[in-house]
A.B. asks: 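I have a structure here, written as structure tokens, and I will follow up with some questions on it.
Every chain is numbered from 1 and lettered A, B, ... according to where its sequence line falls, protein lines coming before strand lines.
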Amino acid sequence: MADRRYWIFKSEPTAYSFNDLLQEPGQTAEWDGVRNYQARNFMRDEMKVGDGVLFYHSSSKPLAVVGTATVARESYPDHTAWDPADQHHDPKSTPDNPIWFMVDIRGERQFTRPVILEEMKDNPRLRNMLLLRRGMRLSIQPVTREEWDEIVSLGSRG
DNA sequence: GCCAACGTTGGC
DNA sequence: GCCAACGTTGGC
């Protein structure tokens, strides 16, 4: 898969954790609720089935990448935007003219140990990671092959 | 709980 | 189209 791309998805584990993903049927879940255009564009325009996903726990202890997932379904409209009862309801989005999109991801591997944010900051190989940039709040970010390899390698150590 | 760094909204 | 006000994110 020469053109496989890599991403990092942030999630607050109190809202949805990596463990929650692993307990889904088929370990697969809709990544719904994203209401940021840049993150949407990544999902809608750039993600392909098979892309790698680093699963990052934000606003938690520890702040860390805890495992990997893969994109299991290419983007399609996020139906939660049409649901008035949903927390992420957006009346501007309709089935005829959807604004928000999502992909499905499938849990792949839980790390043998979390790769914590502090450690990532100290790692010269991750110096340029978007995640570590001041003020970078995007919940979905692209990750380079090198960054992916480094983090997966760190997370695979005993 | 604080607050910096955003993104969005809406008046003009 | 500008930009102040506001809301949110997310590390600290």
A.B. asks: Could you tell me which residues satisfy side chain to side chain donor-acceptor pair (under 3.5 Å) with A/K61, sequence neighbours excluded, listed by chain and number?
C.D. replies: none
A.B. asks: For A/D86, what residues pass the side chain to side chain donor-acceptor pair (under 3.5 Å) criterion, not counting sequence neighbours?
C.D. replies: none
A.B. asks: For A/I99, what are the other residues in its hydrophobic cluster, where any two members join if their side-chain heavy atoms are less than 4.5 angstrom apart?
C.D. replies: A/Y37, A/W100
A.B. asks: Tell me which pairs pass ring pair (Phe, Tyr, Trp, His ring centres under 6.0 Å) where either residue lies in residues 101-153 of chain A, with sequence neighbours left out.
C.D. replies: A/Y6-A/W148
A.B. asks: Output the rest of the hydrophobic cluster of A/V34: all Ile, Leu, Val, Met, Phe, Trp and Tyr residues reachable through side-chain heavy-atom contacts under 4.5 Å, sorted by chain and number.
C.D. replies: A/W7, A/F9, A/Y16, A/F18, A/L21, A/L22, A/W31, A/F42, A/M43, A/M47, A/V53, A/F55, A/V66, A/V71, A/V103, A/I105, A/L130, A/M136, A/L138, A/I140
A.B. asks: Could you list by number each residue of residues 115-137 of chain A showing a heavy-atom separation from DNA chain C of less than 4.0 Å, or answer none if no residue does?
C.D. replies: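 Listed by number, they are A/L117, A/E118, A/K121, A/R137.
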A.B. asks: List the residues meeting side chain to side chain donor-acceptor pair (under 3.5 Å) with A/Q27, not counting sequence neighbours, and say none if there are none.
C.D. replies: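 Not a single residue meets the side chain to side chain donor-acceptor pair (under 3.5 Å) criterion with A/Q27.
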A.B. asks: Does A/H88 have any side chain to side chain donor-acceptor pair (under 3.5 Å) partners at least two apart in sequence or in another chain, and if so, which?
C.D. replies: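 Applying side chain to side chain donor-acceptor pair (under 3.5 Å) to A/H88 gives none.
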A.B. asks: Can you give me the first and the last nucleotide of DNA chain B (5' to 3') that has an atom within less than 4.0 angstrom of a non-hydrogen atom in chain A?
C.D. replies: B/dA4 to B/dT9
